[in-house]
2 protein chains.
Amino acid sequence: MEPKPKRRASIGARRSPETEAAVKAAARELLAEKGYAGFSIEEVARRAGAGKPTIYRWWPNKAELFIAIYGVEKDAAIPVPDEGSLRADLLRYTRDLWRFWREDAAGRVFRGLIAEAQTSAEALAALRFKFMPERLASPRRMFVRAAERGEFSPEEIDDRLELWVGFNWLHVLTDRLSEDEPSLSRKIDLLCR
Amino acid sequence: MEPKPKRRASIGARRSPETEAAVKAAARELLAEKGYAGFSIEEVARRAGAGKPTIYRWWPNKAELFIAIYGVEKDAAIPVPDEGSLRADLLRYTRDLWRFWREDAAGRVFRGLIAEAQTSAEALAALRFKFMPERLASPRRMFVRAAERGEFSPEEIDDRLELWVGFNWLHVLTDRLSEDEPSLSRKIDLLCR
DNA sequence: TGTTGAACTAAACGGACCGTTTCGTTATGT
DNA sequence: ACATAACGAAACGGTCCGTTTAGTTCAACA
């Protein structure tokens, strides 16, 4: 593809931003191209023109690398709507999220992270205690606002949020992210009652 | 553990039930012991005293083997309650299901199957078109009955079912299957409105 | 100015699995 | 009697893991 043969030597006793960028770019590119199934540190290193030890130095396991390459754009890419009703907000946000997952390789990152969490305790911990809280903070705002508007009681915020999250996971994990899924709006209706 | 050195030779031009049983038993045992992370066909073959080609002959991929070792007891183990309200039925069934997943190695089978579906197209197809329809048939009955009782409209049956499924997946995949999860009944309430 | 130390890549390591092939054996069905 | 098919053992080539060794490049510091 690109002219890759240029080798990056050390730039001294500090982390090389070029190497970091090259690794992330290669990882994202590889995921977009082959999906999680074809994803390996070995191949990332090859494409990035980086040494495996370098990768292992900065990202001790796959989960950390996934988290690093996810998240970069998500917050920017998906605005949190505020259209006056949870129903409208959820509908828009869910559609945006699914489109993002379909088109941005981020869906594959996400699927990979969940899969990885089934084989690695570190990945599971990272998923539960780092990734999820971080990533759920902004969609949670929609539920908080709805409760403030009186659409439901404040104690229900996190329960409703979790039901919505489970719904999304089910779809991403079974590879059903078509935006026009007819039952989408029906399910969101149910979540807003 | 047990006296394993007895070798099962071929019993002629037909499938050996002993081998089949030994493979399933070894697979279940291995999953119970090490979880999905430590699960490999290689190790199953070792423990079962079986040849890898034999395993690959009868179960062309891991997903098929998972499906075979799941399901054996689930229907028997989890009765579908009929207590007059979806709320009561779901509460009981979900608690039973989570206990089953916690205690029976079946949870690990299930997690493994979902993880496998993220790396293998065959596994994904098996999950979507074989495992899920089969396994969801009996819990679905609870929702059908509730609709018949007039708790909600019949068109909502599968949407509510899917929300419930997503909720369960989220918990099994993040390793949160404690029976007394306080939010469990609150979420089930939400699903019944 | 010279030395120390950390970050870099390349190469190779032992080990685990994958999925397949080859082989000799065993018993069935015809 | 003979083709057929399933069996286990062993080994194949291959991929990837996570680590180690070795030689380099450069910044910081004395």
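In the text below, chain A, chain B and the rest are named by the order of the sequence lines, each starting its count at 1. FYI, side chains are in, hydrogens and waters are out, and symmetry mates aren't considered; it's all heavy atoms of this structure.
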Under 3.5 Å between N/O atoms: give me all the protein pairs with nucleotides 22-26 of chain C, atom names plus distance.
{"unit_1": "C:dT26", "atom_1": "O2", "unit_2": "B:S10", "atom_2": "OG", "d": "3.4"}

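In this model, no side-chain donor or acceptor of B:K52 finds a partner on the base of D:dG8 within 3.5 Å.
Pairs engaging residues 139-148 of chain B under the salt bridge (Lys or Arg N to Asp or Glu O under 4.0 Å) rule: B:D82-B:R145, B:R140-B:D158 [sequence neighbours left out]. The salt bridge (Lys or Arg N to Asp or Glu O under 4.0 Å) analysis of residues 83-95 of chain B, with sequence neighbours excluded, yields the pairs B:E83-B:R92, B:R87-B:D189. For the ring pair (Phe, Tyr, Trp, His ring centres under 6.0 Å) condition, the pairs that include at least one residue of residues 166-193 of chain A, sequence neighbours left out, are A:W98-A:F167, A:W98-A:H171, A:F110-A:W169, A:F167-A:H171.
Applying the 4.0 Å criterion to OP1 and OP2 of C:dC18, one finds that B:K62 has a side-chain N or O inside that range. OP1 and OP2 of C:dG19 both lie 4.0 Å or more from every side-chain N or O belonging to B:R57.
At a non-hydrogen distance threshold of 4.0 Å, nothing from residues 111-123 of chain B comes into contact with DNA chain C.
For the pair A:W59 CH2 and C:dC8 P, the interatomic distance rounds to 9 Å; values are reported in whole Å.
With sequence neighbours left out, the side-chain contact (heavy atoms from CB on, under 4.5 Å) criterion links B:E20 to B:R15, B:K24, B:W59.
Using a 4.0 Å heavy-atom criterion, one finds that A:T54 contacts the bases of the nucleic acid, with or without backbone contacts as well. Nucleic acid contact class of A:A50 (heavy atoms, under 4.0 Å, all strands): sugar-phosphate only.
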